[in-house]
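Some notes on the structure that comes next.
Computed from heavy atoms alone, side chains included, the values below leave out hydrogens, waters and symmetry copies. Just so you know, these numbers come straight off a predicted model, no measurement behind them.
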Amino acid sequence: MADVQVTIFNVQKFSTEDGPGIRTTVFFKGCPMRCIWCHNPESQHFHPEVVWHGGRCLGDHGCIEECPSGALSAGAEGIVVDRRLCGGCARCVAFCAATALEIHGREIGVGELFDRVSRDVAFYVNSGGGVTISGGEPLAQPQGLLALLRLLHEAGIHTALDTCGIGPTEILREALTLADLVLLDIKVTDPEKHQAWTGAAFERVDAAVRLINESGKPVWVRTPVIPDYTADEELIRAVAGYVAANLPHCERHELLAFSNLCTAKYEQLGRSFALAGAPLLGVETMRRLCQAARDAGSLEARWSGPMRVSEGVH
Ligand code: SF4
Ligand code: SF4
């Protein structure tokens, strides 16, 4: 079990936003969804991805020689990564003393990962915290997810599974026997919008909701609030009503305000962010949407996220 390998792209210690208390959040790499507003573009692909930071580069081009795959070249604006050729070996990253190259994602054994996250057990116990397994989508690396959950469960460490619900049914069922809390993303309940905005069918999320409800495990639902997409009273009311009807033991409904801090990450990965120019939301908008969620049945609705400096109704 400890030998199972997973690909992760971050381990965030002292996290306070992914469940109760002080937590460590482990981010698995790879996701079956492609949400238009995704704020972690480095989480989407399953393989490691190299990025170049021009501000740190010395321009000596040593990395180009170091790459065994011929994936690096000198372009007009600096080092160019040919992602079709890159095998993710990270030799260039180790070579670059200027730390101008970075790799998102690395394989790690579950045993090593467990050792790393269990070092902070005193913080977890004293704060009522634990470990959150997030992504990407953890269900997309099923053996690694179950192995890590099992080790943490046996060690008595509180676990939260942060999921969009899309994954193999049997894996979710088993994960639910091990996890202490589920953080479930429900972005929109309209099937057409869900398919168009996330690339995935809502009926798969709905199927996961039924399993989660049957498990009786505590759930926190999370809904991203995105300008021109989900920042809509009727939509939020529909999500909250769905949650009230289908997840009666939901303890909290979090509305997460849009953030555009990810724009630079898209550029580094050679991708464009469709919402790069979208404005942050105003406090009054979030208050109004939160009240709409409460009115529709999500009594424990709350909101968080970056706000526009000048307030106003978006
Ligand atoms: S080795 Fe590092 S500093 Fe040198 S060219 Fe490559 S990225 Fe730039
Ligand atoms: S990770 Fe390996 S294959 Fe990819 S660019 Fe760096 S050295 Fe080349």
Side-chain angles (χ1 to χ4, degrees), residues 1-31 39-40 42-43 102-164 174-185 212 215-222 224 249-257 259 261-262 265 300-306:
M1 172 161 84
D3 294 340
V4 178
Q5 298 283 309
V6 285
T7 304
I8 60 171
F9 69 92
N10 196 11
V11 175
Q12 190 179 329
K13 293 167 83 94
F14 299 102
S15 159
T16 54
E17 293 177 0
D18 297 315
I22 294 174
R23 314 189 69 80
T24 297
T25 303
V26 179
F27 293 88
F28 280 30
K29 191 158 160 52
C31 184
H39 67 281
N40 278 334
E42 75 276 33
S43 75
E102 181 186 8
I103 192 155
H104 292 300
R106 71 177 183 104
E107 276 204 353
I108 184 170
V110 166
E112 185 185 341
L113 190 52
F114 169 75
D115 288 344
R116 191 164 159 194
V117 299
S118 57
R119 274 181 218 145
D120 288 339
V121 68
F123 291 105
Y124 309 151
V125 170
N126 288 328
S127 69
V131 173
T132 297
I133 307 179
S134 181
E137 174 48 61
L139 292 169
Q141 297 189 61
Q143 299 317 321
L145 169 65
L146 293 180
L148 183 58
L149 277 175
R150 220 170 270 129
L151 287 174
L152 290 163
H153 182 71
E154 284 166 7
I157 295 175
H158 181 277
T159 54
L161 171 64
D162 180 10
T163 178
C164 66
E174 197 169 341
L176 288 168
T177 66
L178 297 165
D180 298 299
L181 171 70
V182 181
L183 308 178
L184 177 67
D185 279 16
I212 293 166
S215 77
K217 288 288 166 86
V219 191
W220 293 9
V221 169
R222 311 216 277 192
H249 54 286
C250 175
E251 293 182 345
R252 196 184 274 206
H253 186 180
E254 297 184 322
L255 304 184
L256 307 177
S259 164
L261 292 174
C262 56
K265 291 196 281 187
E300 293 303 324
R302 58 190 72 191
W303 61 271
S304 63

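- Judged by distance alone, with hydrogens and angles left aside, the side-chain atoms of E137 form a donor-acceptor pair with the main-chain N or O of C164 at under 3.5 Å.
- One distance of note links NZ of K13 with CZ of R116; it measures 7.0 Å at 0.5 Å rounding.
- In plain terms, the two heavy atoms of L178 and L146 that are nearest each other are CD1-O, 4.0 Å.
- Smallest separation of non-hydrogen atoms from H104 and F9: C-CB, 4.4 Å.
- With sequence neighbours left out, the salt bridge (charged side-chain N to carboxylate O under 4.0 Å, His left out) criterion links D180 to no other residue.
- Scanning all heavy atoms of the two residues, the minimum distance from I157 to S118 falls at CD1-CB, 3.9 Å.
- With sequence neighbours excluded, the residues forming a salt bridge (charged side-chain N to carboxylate O under 4.0 Å, His left out) with E42 are K265, listed by chain and number.
- The aromatic rings of F14 and F123 sit perpendicular, their planes meeting at an angle over 60°, well past the 30° parallel limit.
- Counting heavy-atom neighbours within 6.0 Å of H39 NE2, excluding the residue itself, gives a total of 12 or less.
- One finds the CD1 atom of I8 at 10.5 Å from the CZ atom of F27 (value rounded to the nearest 0.5 Å).
- Here R222 does not pair with E17 in a salt bridge; the nearest charged N to carboxylate O distance is not below 4.0 Å.
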Test side chain to side chain contact (heavy atoms under 4.5 Å, CB included) on I22 and N126 and set out the steps. CA-CA 9 Å; I22 294 174; N126 288 328; over 6 Å; no
Test side chain to side chain contact (heavy atoms under 4.5 Å, CB included) applied to K217 and I212, step by step: CA-CA 7 Å; K217 288 288 166 86; I212 293 166; 5.6 Å; no
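- A salt bridge is absent between E300 and R252: the closest approach of a Lys/Arg side-chain nitrogen to an acidic carboxylate oxygen does not fall below 4.0 angstrom.
- Between the CZ atom of R150 and the OG1 atom of T159 there is a distance of 12.0 Å, given to the nearest 0.5 Å.
- The shortest distance between side-chain heavy atoms of I133 and L148 falls below 4.5 Å.
- Minimum interatomic distance between S43 and G135 (heavy atoms only, all atoms of both residues): CB-C, 4.1 Å.
- In this structure, a donor-acceptor pair under 3.5 Å is present between the side chains of T24 and Y124.
- Under the side-chain contact (heavy atoms from CB on, under 4.5 Å) rule, L161 has a single partner from T132, L184, L145, which is L145.
- Minimum heavy-atom separation, V131 to R23: O-NH2, 3.2 Å.
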Before giving the answer on side chain to side chain contact (heavy atoms under 4.5 Å, CB included), spell out for V26 and S134 the whole-Å C-alpha distance, their side-chain angles and the decisive distance to 0.1 Å. CA-CA 6 Å; V26 179; S134 181; over 6 Å; no
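- In this view, E251 satisfies the salt bridge (charged side-chain N to carboxylate O under 4.0 Å, His left out) rule with no residue, not counting sequence neighbours.
- Contact between T25 and S15 at its shortest, heavy atoms only, is OG1-OG, 3.3 Å.
- D162 contributes atom CG, which lies 11.0 Å from atom CH2 of W220 (distance to the nearest 0.5 angstrom).
- When side chains are defined from C-beta on, L181 counts as touching P20, because their heavy atoms get closer than 4.5 Å.
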